[in-house]
2 protein chains.
Amino acid sequence: MSVERRTTRQQRAVRSAILEAGRPLSIEEIHEEARASAPTIGLRTVYRVVRRLEEDREIAPVTLPGKPNRYESADVAATHHHHFHCESCDRVFDVRGCVSRLQQLLPTGFVLAGHELTFWGACEECSTARSTDGAEPGRSRGRQVDRA
Amino acid sequence: MSVERRTTRQQRAVRSAILEAGRPLSIEEIHEEARASAPTIGLRTVYRVVRRLEEDREIAPVTLPGKPNRYESADVAATHHHHFHCESCDRVFDVRGCVSRLQQLLPTGFVLAGHELTFWGACEECSTARSTDGAEPGRSRGRQVDRA
DNA sequence: CTACGTGCAAAAAGTTTGCAATCGC
DNA sequence: GCGATTGCAAACTTTTTGCACGTAG
């Protein structure tokens, strides 16, 4: 019945990459991050582990307009929030809070099941870099950026 | 110098399909709609005409999470609004109005360039159909659904 | 007379899979 | 040792484009 589950270095690498990122990661970002602790890990494995984590409800997909899915901790996803896409470094950040009275925007008869609010622009690092000397934060390690 | 421009039946079919739909259409929807007035039109032509209309700023792309682009009249796009995706019939409708004070949701230092608010659920036709007898509005001709 | 339209094949981009070698347990 | 797991390359999907040739403004 139950499928045997083995815990491998690769699985741990993928899991912690996502859970500790503090922001939604794309498959490629997960791959890069996971290579730090499992240098030989291939895309094949990243996709499979991500899928399994998703099935196990440990992580949740984040869909953005025009972009492939990203993934974040299911715990984070459970708290209603939205996303900011930095057009400069292509990273995505969580944005706490939301707006109210959305249903009233809809035409009569429409049943609201959910919504997604996506912001875009420049993240703190990129806007700072550009206004000072034009350096590209680009590939720097993502960190949690959130304020009270 | 100037490029000769010929007006063909196919071009007119694509243009009016989009401009008169009253909601954003996918390439496939445009294709279907255009076939009504230009029965032999191929997908290749739809893509090319849509691109040209986009370059000429007659229409504007609408990007939704996880979906291919749709297109709507540039005039409509010029008025700030958002979109509702019906999960039942897969059509997208315009939603007038917006919410305020968005910048204050962002972390300090983030520069906001734009945002997109996408709703999903059941449109009027689909929610009505399901609550009465379960009929599928599905492929019915799209019409403007908007209220004051 | 050329720009335009068409069908088809195949490129991009992203994701998934076949299968032999590997390595937890 | 056994079989789940891995990793590379290749297959797949979906959307978009290049080409060669016929059509039509």
Side-chain angles (χ1 to χ4, degrees), chain A residues 1-18 24-56 58-72 85 87 90-92, chain B residues 1-18 24-56 58-72 85 90 92:
Chain A
M1 276 294 134
S2 64
V3 182
E4 181 188 347
R5 281 293 173 88
R6 294 178 185 177
T7 305
T8 64
R9 177 200 328 287
Q10 291 87 341
Q11 287 173 26
R12 287 189 293 272
V14 169
R15 173 186 283 108
S16 60
I18 301 172
L25 299 185
S26 66
I27 293 292
E28 272 310 329
E29 287 175 318
I30 295 169
H31 191 192
E32 285 176 34
E33 188 66 31
R35 265 198 290 245
S37 40
T40 67
I41 192 172
L43 255 191
R44 169 83 163 89
T45 303
V46 175
Y47 273 109
R48 192 178 14 204
V49 175
V50 164
R51 164 179 291 238
R52 204 135 60 180
L53 290 172
E54 190 181 350
E55 289 171 350
D56 293 347
E58 284 200 64
I59 65 177
V62 173
T63 59
L64 299 177
K67 301 250 142 202
N69 279 4
R70 288 162 190 256
Y71 297 86
E72 67 186 358
H85 173 229
E87 296 174 302
D90 200 39
R91 290 180 299 178
V92 173
Chain B
M1 274 300 124
S2 66
V3 183
E4 181 188 346
R5 279 294 172 88
R6 293 177 185 176
T7 304
T8 64
R9 176 197 326 286
Q10 291 87 344
Q11 286 173 30
R12 285 189 294 272
V14 169
R15 173 186 283 107
S16 60
I18 301 171
L25 299 185
S26 66
I27 292 292
E28 271 310 330
E29 287 175 319
I30 295 169
H31 191 192
E32 286 176 33
E33 188 65 31
R35 265 199 290 246
S37 40
T40 67
I41 192 171
L43 246 195
R44 187 69 183 82
T45 301
V46 174
Y47 274 108
R48 183 150 18 83
V49 175
V50 163
R51 161 178 292 235
R52 210 139 51 184
L53 290 172
E54 190 181 351
E55 288 172 350
D56 293 347
E58 284 199 65
I59 65 176
V62 173
T63 59
L64 300 178
K67 300 248 144 204
N69 279 4
R70 289 165 189 254
Y71 298 86
E72 66 185 0
H85 173 229
D90 200 40
V92 174

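The shown structure was predicted, so the numbers you read here are calculated from the model rather than taken from an experiment. Proteins get letters first, then strands, A, B, ... in listed order; numbering begins at 1 in each.
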Check your understanding: For the side chain of Thr40(B), counting heavy atoms from C-beta on, which of dT6(C), dC2(D), dC4(C) is nearest?
Key -> dT6(C)

Revision key, fill the gap. Here the distance between atom P of dA13(C) and atom CG of Asn69(B), to the nearest Å, is 15 Å

**Study point:** Value in whole Å for how far the C1' atom of dT17(D) lies from CD of Glu54(B)
**Key:** 15 Å

Study note, to complete from the structure: One should read off an interatomic distance between Glu54(B) CD and Asp56(B) CG, to the nearest 0.5 angstrom, of 10.0 Å

Check your understanding: Rounded to the nearest 0.5 Å, what separation is found between the CD atom of Gln10(B) and the CZ atom of Arg44(B)?
Key -> 13.5 Å

Exercise for review: Provide, to the nearest angstrom, the distance between the NZ atom belonging to Lys67(B) and the P atom belonging to dG14(C).
Suggested key: 18 Å

Check your understanding: Could Glu29(A) and Arg91(A) be called an ion pair, given the rule that one side-chain N must be under 4.0 Å from one carboxylate O?
Key -> no

Practice item. Take Val49(B) and Arg15(B) through the test side chain to side chain contact (heavy atoms under 4.5 Å, CB included) and record every step on the way to the result. Key: CA-CA 8 Å; Val49(B) 175; Arg15(B) 173 186 283 107; 5.9 Å; no

Point to revise | Under-4.0 Å side-chain N/O to phosphate OP1/OP2 contact, Gln10(A) with dG24(C) | key: no

Exercise for review: Measure from CD on Glu28(A) to P on dT16(C) and round the result to the nearest Å.
Suggested key: 14 Å

Review point. Between CG of Leu25(B) and CD1 of Ile30(B), what distance do you get to the nearest 0.5 Å?
Key: 5.5 Å

Practice item. Provide, to the nearest angstrom, the distance between the CD1 atom belonging to Ile27(A) and the P atom belonging to dT15(C). Key: 6 Å

Exercise for review: Evaluate the side chain to side chain contact (heavy atoms under 4.5 Å, CB included) criterion for residues Leu43(A) and Glu28(A): first the C-alpha distance (whole Å), next the side-chain angles of each, then the deciding distance (0.1 Å), finally the verdict.
Suggested key: CA-CA 8 Å; Leu43(A) 255 191; Glu28(A) 272 310 329; 3.9 Å; yes

Practice item. Report yes or no: does Glu58(B) contribute a side-chain atom to a donor-acceptor pair with the main-chain N or O of Arg52(B) at less than 3.5 Å? Key: no

Review point. To the nearest angstrom, how far is Gln11(B) atom CD from dC4(C) atom P?
Key: 7 Å

Check your understanding: Considering only side-chain heavy atoms of Thr8(A), which listed nucleotide, dC25(C), dT6(D), dG5(C), is closest?
Key -> dT6(D)

Exercise for review: Please list, by residue number, the residues of residues 43-53 of chain A whose heavy atoms come closer than 4.0 Å to an atom of DNA chain C; answer none if no residue qualifies.
Suggested key: Arg44(A), Tyr47(A), Arg51(A)

Study note, to complete from the structure: Assign each of Arg6(B) and Ile41(B) the nucleotide of DNA chain C bearing its closest heavy atom; nearer the 5' end lies the nucleotide of Arg6(B)

Practice item. Give the rounded distance in Å between these two atoms: CZ of Arg9(B) and C1' of dA3(C). Key: 17 Å

Exercise for review: Could you tell me the separation between the CZ atom of Arg35(A) and the P atom of dT6(D), rounded to a whole number of Å?
Suggested key: 16 Å

